[in-house]
Amino acid sequence: GKYLGIPEQFGRKKTENLEYVVATVKAKTNGWHHRFLSSGGKDVLTKSIASATPVYPMNVFKMPKKVCDDINNTLAQFWWGKSDGSKGMHWFAWQRMSLPKKEGGMGFRDFEKFNDALLAKQVWRILIKPNSLMARVLKGKYFPNSNILKAGTKKQSSYIWNSLLHGQALLKRGLRFIIGNGESVSLWADPWLPTSPPRAPIPKDQSNPMTKVSELMKQNQTGWNEELIRHTIVEADAEEILSMKLCAYADTDPLVWHYNKSGEYSVKSGYW
């Protein structure tokens with residue numbers, strides 16, 4: 001059966017369980033084929049209605065590639081099709097049509113990538129709201145001694161959990177530590193440089209004994225130890241570190257989403 005429009009249980013054939021999503025998109029586009037629509041009208045309908053149909057299940061499940069391809073093919077046939085329902089010539093690949101308009105595309109969604117961006121939103125919620133019911137249930141079963149970013153797959157993992165791990169992989173690519181006191185951030189392992197994507201600095205000597213970012217600071221967090229930084233870290237990364245401002249009163253090292261000015265993850269920035 002279904003609950004809130006999504007399947008309650010899944011067998012091994014995930015594609016068959018989620019075929020109803022493709023059928024729903026096809027039903028919507030078939031109802032528009034015989035109407036006279038300009039290119040602008042097709043653009044609005046494709047982005048605002050047809051593309052929004054599979055969003056709810058995509059928030060929960062990692063869609064099989066075949067399902068995403070079928071949705072893309074359905075929308076491509078609608079876009080290039082004629083008002084009498086006949087197929088038209090596909091002048092450009094749908095992958096190119098999915099590029100932003102400033103990059104020569106039409107801004108249609110790539111559903112496989114959009115799916116990952118939606119799942120990353122769920123992982124972000126678990127990360128910033130560890131006391132929520134969903135976070136506590138998943139923590140008790142899948143990562144009792146760590147956090148969602150360090151969790152992995154287990155035997156008999158649910159389909160939802162395996163789906164969330166795809167969102168986790170995307171989220172980890174854009175997370176960065178904001179340096180406060182630097183005591184909780186690993187100098188050579190954690191992403192804290194404001195590069196794209198965020199990463200740790202590269203040492204000049206691989207056997208360097210330092211472990212925490214706080215060791216690069218002067219006493220009382222009054223600034224960076226420039227001489228030490230230039231001696232232990234490659235030049236380009238050293239310049240990046242010295243350009244970062246420090247606060248003498250900061251007592252934590254918050255984890256933020258690098259690709260948003262607010263530091264909060266958004267589906268739009270994750271999809272980008």
**Q** Is the shortest side-chain heavy-atom distance between W257 and S262 below 4.5 Å?
**A**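 Result no, sub-4.5 Å side-chain heavy-atom pair not found.
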**Q** Stepwise, does the side chain to side chain contact (heavy atoms under 4.5 Å, CB included) test hold for M63 with T15?
**A** CA-CA 8 Å; M63 295 287 180; T15 302; over 6 Å; no
**Q** A side-chain contact here means heavy atoms from C-beta on lying under 4.5 Å apart; do W192 and I241 qualify?
**A**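 Yes, side chains in contact.
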**Q** If we ignore hydrogens and angles and just use 3.5 Å, is the side chain of W188 paired with the main-chain N or O of P203 as donor and acceptor?
**A**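 A pair under 3.5 Å: no.
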**Q** Nearest 0.5 Å, please: how far is CH2 in W224 from NZ in K245?
**A**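 Interatomic distance, K245 NZ to W224 CH2, rounded to 0.5 Å: 12.5 Å.
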**Q** What are the two closest heavy atoms between P130 and A135, and how far apart are they?
**A**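 Taking every non-hydrogen atom into account, O-CB, 3.6 Å.
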**Q** Any donor-acceptor pair under 3.5 Å linking the side chain of K204 with the backbone of R230?
**A**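 Yes: the side chain of K204 pairs with the backbone of R230.
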**Q** Please verify the inter-ring angle class for W124 with Y265; under 30° counts as parallel, over 60° as perpendicular, anything in between as tilted.
**A**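 Tilted.
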**Q** CD of E183 to NZ of K212: how many Å apart, nearest 0.5 Å?
**A**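 E183 CD to K212 NZ: 9.5 Å, rounded to 0.5 Å.
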**Q** Answer whether the closest heavy-atom distance between the side chains of T195 and E240 falls below 4.5 Å.
**A**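 A side-chain contact exists here, since the closest heavy-atom pair is under 4.5 Å.
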**Q** Looking at S184, is its backbone amide N or carbonyl O close enough to the side chain of D253 to form a donor-acceptor pair, meaning the two atoms are under 3.5 Å apart?
**A**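 Looks like yes, one N/O pair under 3.5 Å.
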**Q** When you look at CZ of R173, are more than 12 heavy atoms from neighbouring residues, nucleotides or ligands closer to it than 6.0 Å?
**A**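 No - once you tally the heavy atoms of other residues, nucleotides and ligands closer than 6.0 Å, there are 12 at most.
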**Q** For the pair E227 and K218, find out whether any cationic side-chain nitrogen is under 4.0 Å from an anionic carboxylate oxygen.
**A**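 Salt bridge: no.
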**Q** Is it the case that atom CD in Q219 sees more than 12 heavy atoms from other parts of the structure closer than 6.0 Å?
**A**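 Not more than 12 within 6.0 Å, no.
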**Q** Is the distance between the ring centroids of W161 and Y159 under 6.0 Å?
**A**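 Centroid distance Y159-W161: not below 6.0 Å, so no.
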**Q** Within the distance-only criterion (no hydrogens, no angle test), does the side chain of N147 pair as donor or acceptor with the backbone N or O of K150 below 3.5 angstrom?
**A**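 Present.
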**Q** Can you name the nearest heavy-atom pair linking K139 to S146, along with the distance?
**A**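 Looks like NZ-O, 2.6 Å.
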**Q** Could you go through the side-chain hydrogen bond (donor to acceptor under 3.5 Å, both in side chains) check for T211 and E215 one step at a time?
**A** CA-CA 8 Å; T211 58; E215 297 175 54; 3.2 Å; yes
**Q** Is any side-chain heavy atom of F114 less than 4.5 Å from a side-chain heavy atom of L119?
**A**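 In short, these two side chains do not touch, never coming nearer than 4.5 Å.
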**Q** If you measure from NZ on K154 to CZ on F143, what distance do you get to the nearest 0.5 Å?
**A**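 So the NZ of K154 and the CZ of F143 are separated by 9.5 Å.
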**Q** Looking at A189 and A200, what are the two nearest heavy atoms and their distance?
**A**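 That closest heavy-atom pairing would be N-CB, 4.0 Å.
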**Q** Is there a side chain to side chain contact (heavy atoms under 4.5 Å, CB included) between V256 and L175? Walk through the geometry before answering.
**A** CA-CA 6 Å; V256 301; L175 289 177; over 6 Å; no
**Q** Nearest heavy-atom pair of K129 and S132: which atoms, and what distance?
**A**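 Minimum heavy-atom contact is O-OG, 3.0 Å.
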**Q** Treat each ILVMFWY residue as a node, draw an edge where side-chain heavy atoms are under 4.5 Å apart, and state whether L99 and V267 are in one component.
**A**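 Result: no, two separate clusters.
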**Q** As an exercise, state the distance from CG of L216 to CD of E226, rounded to the nearest 0.5 Å.
**A**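 These two atoms lie 12.5 Å from each other.
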**Q** Which distance, rounded to the nearest 0.5 Å, do you find between the CG of L242 and the CD1 of I229?
**A**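 L242 CG to I229 CD1: 4.5 Å, rounded to 0.5 Å.
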**Q** Just how far is it from atom CG of N260 to atom OG of S266, taken to the nearest 0.5 Å?
**A**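 N260 atom CG to S266 atom OG measures 4.5 Å (nearest 0.5 Å).
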**Q** Do the side chains of S196 and Y259 get nearer than 4.5 Å, heavy atoms only?
**A**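 Side-chain contact under 4.5 Å: yes.
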**Q** Look at R176 together with D190 and state whether they make a salt bridge at an N to O cut-off of under 4.0 Å.
**A**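 Not counted as a salt bridge, because no side-chain N and carboxylate O are separated by less than 4.0 Å.
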**Q** Output yes when a side-chain donor or acceptor of D237 lies under 3.5 Å from a complementary backbone atom of I233, and no otherwise.
**A**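 Such a contact is absent between D237 side chain and I233 backbone.
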**Q** Given L255, which of I128, L149, I178 fulfils the side-chain contact (heavy atoms from CB on, under 4.5 Å) condition?
**A**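 Looking at I128, L149, I178, the match for L255 under the side-chain contact (heavy atoms from CB on, under 4.5 Å) is L149.
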**Q** Within a strict 4.5 Å, meaning less than it, do heavy atoms of the Y142 and S157 side chains meet?
**A**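 In contact.
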**Q** Whether the side chain of K62 engages the backbone of I160 through a donor-acceptor N/O pair (distance < 3.5 Å, no angle test) should be reported.
**A**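 Flag not set: sc K62 to bb I160 has no pair under 3.5 Å.
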**Q** Which heavy atom in G270 sits nearest to a heavy atom in A117, and how many Å separate them?
**A**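 Shortest heavy-atom contact: C-CB, 4.0 Å.
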**Q** Step by step, would you call L138 with I148 a side chain to side chain contact (heavy atoms under 4.5 Å, CB included)?
**A** CA-CA 9 Å; L138 292 174; I148 183 69; 5.8 Å; no
**Q** Hey, does the side chain of Q168 reach the backbone of A151 with a donor-acceptor pair shorter than 3.5 angstrom?
**A**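 Here the side-chain-to-backbone pair exists.
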**Q** Less than 4.5 Å apart, side chain to side chain, heavy atoms only: is that true for M210 and L228?
**A**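 Heavy-atom side-chain distance check passes, below 4.5 Å.
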**Q** Looking only at heavy atoms, which two atoms of L246 and G223 are closest? And how far apart?
**A**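 Minimum heavy-atom contact is CD1-C, 3.6 Å.
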**Q** Are P194 and M244 packed together at the side-chain level, in the sense that at least one heavy-atom pair is separated by less than 4.5 angstrom?
**A**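 Side-chain contact under 4.5 Å: yes.
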**Q** Let me see the working for L75 and V25 under side chain to side chain contact (heavy atoms under 4.5 Å, CB included), right down to the final yes or no.
**A** CA-CA 8 Å; L75 296 181; V25 175; 4.0 Å; yes
